[in-house]
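Report on the structure given below.
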Amino acid sequence: MLQSKAFIKTKKEAPKDEVSVNAQLLMRGGYIDKLTSGMYSFLPLGFIVLKKIERIIREEMNAIGGQEMLMPALQPKELWEEAGRWDSMDVLYKLKDQQGREFGLGPTHEEVITDIMRKRTISYKDLPLYLYQMQTKFRDELRSKSGLLRGREFIMKDMYSFHASEEDRKKYYEIAKKAYGKVFRRCGLTTIAVEASGGSFSKEVSHEFQTPTESGEDLVIHCEKCGWAKNMEVADKKAGDPCPLCGNILTEAKSIEVGNIFTLGTRFSSPMNAVFTDKDGSAKPMIMGCYGMGLSRILGTVVEVNHDDRGILWPRELAPFDVHIVPLVSKDEKITKQVFVEAEKIYHALQETMTVLYDDRDSVSAGEKFADADLIGAYQRIVISEKTLKERKIELKKRDEEKATLMTAQQGIKAVRVAAKK
Ligand code: ATP
Ligand code: MG
């Protein structure tokens, strides 16, 4: 992609009303735009990263049998009353149409998916089923000062599983838990699987996937030795106490909840009468689980944990570009021309097999180009300048490396290709 044509309008300063690091850097880098508190547009750069997260999630959900679908965000009040949540869900946006009918803007989709299932004849042979979507959710959040971490409109992957037995659901819970770990690892995030109470849904076990970081709103207590972990909201332990499993000293950490898996049981299938025919011919409510993950929150979290004072350090799988090619303008016009000819050659050589941002701007200073490159945070950077040209070399470095290495263009192309795949 030619930088001169790309819709990347970087900014030196962060907007004054934005306090979160993720939104500050993403806005400065031209990734997102803030409409108002808790509502952001994904600009072309941000959209590239969002689609990369989406792809990772899709691959991992399909790998555990998930089938993708899409449900409406607008949901009739009657459905929410059936499951008894119209009045109890405080974050539900409610609205009326021209004829006075009432609707909720979906903060989650248990009601809709359960309605889909109850309208079909389901036998024990059809189960289990794993259905998921990636979709915009709406929540009337009181605090939305954390950028993409807490939107009032945000993007979530929500999967719902349907089983004929509790035993089968439990088995799948463990499979989903592993798949969640994989998704977060590929996104470059460390997570602690934290046992939590089921919240508004059930008294059964649920797990939150928490990424430790100072900007987190949650507080978890965990054992670094055996992995025992709980959310401080529910735990009766404190830092310094011995781990109930292995006796090691427990530590506390601020963290961000990037995903959540729940046991639903028959919480929705019973009141909504979503049944299947069992082996003995009797009708039984389906046993359910649900598995949520915030795409936009993951994006924000990645920035929170991977940045320096100059900008974003994208992990390999999420970087909007595998490599950024940055030719520098020289005082001598002739040399500048040569520098750009050399840069263009490398651009064409790499473009076929990877995503390349080519800084073809010929009236921008070296300082400005470097500042933009650091802010945008492509995975690798190649610099070609009067100095490198003299030695018939280029400079290559990864965004997270301090020093660049001088090498020939051929060596550089090879190294960039290898690194983009690892
Ligand atoms: P929290 O405790 O942070 O409010 P939650 O427990 O309400 O989250 P769930 O209902 O389980 O979250 O939603 C599943 C996932 O969706 C969460 O793990 C998180 O990644 C994401 N998510 C939830 N609320 C928001 C939000 N307001 N903005 C962005 N992502 C969100
Ligand atoms: Mg929670």
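Order of appearance sets the numbers: ligands from 1, and atoms from 1 within every ligand.
For the residues Met293, Gln210, Glu208, Arg139, the heavy atom positioned nearest atom 9 (P) of ligand 1 is part of Arg139. Of the candidates Thr211, Asp140, Asn260, the one placing a heavy atom closest to atom 11 (O) of ligand 1 is Asn260. Between the choices Glu217, Lys157, Met156, the shortest heavy-atom distance to atom 13 (O) of ligand 1 belongs to Met156. Distances from atom 4 (O) of ligand 1 to the heavy atoms of Arg150, Glu257, Arg143, Glu141 show the closest one on Arg150.
Annotation: His207 is not in aromatic contact with Phe262 [ring centroid separation under 6.0 Å not met]. Taking the six-membered ring for Trp and the full ring otherwise, Tyr130 and Tyr172 have centroids separated by under 6.0 Å. In this structure, the ring of Phe276 has its center no less than 6.0 angstrom from the ring center of Tyr124.
For residues 82-104, the set of pairs meeting the ring pair (Phe, Tyr, Trp, His ring centres under 6.0 Å) definition, not counting sequence neighbours, is empty. Screening residues 16-42 for ring pair (Phe, Tyr, Trp, His ring centres under 6.0 Å) gives Tyr31-Trp314 as the qualifying pairs, with residues at least two apart or on separate chains.
Residue contacts with ligand 1 leave out Thr108, since none of its heavy atoms falls under 4.0 Å from the ligand. For Phe262, the heavy-atom gap to ligand 1 drops under 4.0 angstrom. Using a 4.0 angstrom heavy-atom cutoff, Leu149 counts as in contact with ligand 1.
Taking every non-hydrogen atom of Gly151 and a distance limit under 4.0 Å, the qualifying atoms of ligand 1 come out as 26 (C), 27 (N), 28 (N), 29 (C).
Here Ile298 has no heavy atoms under 4.0 Å from ligand 1, in either its backbone or its side chain.
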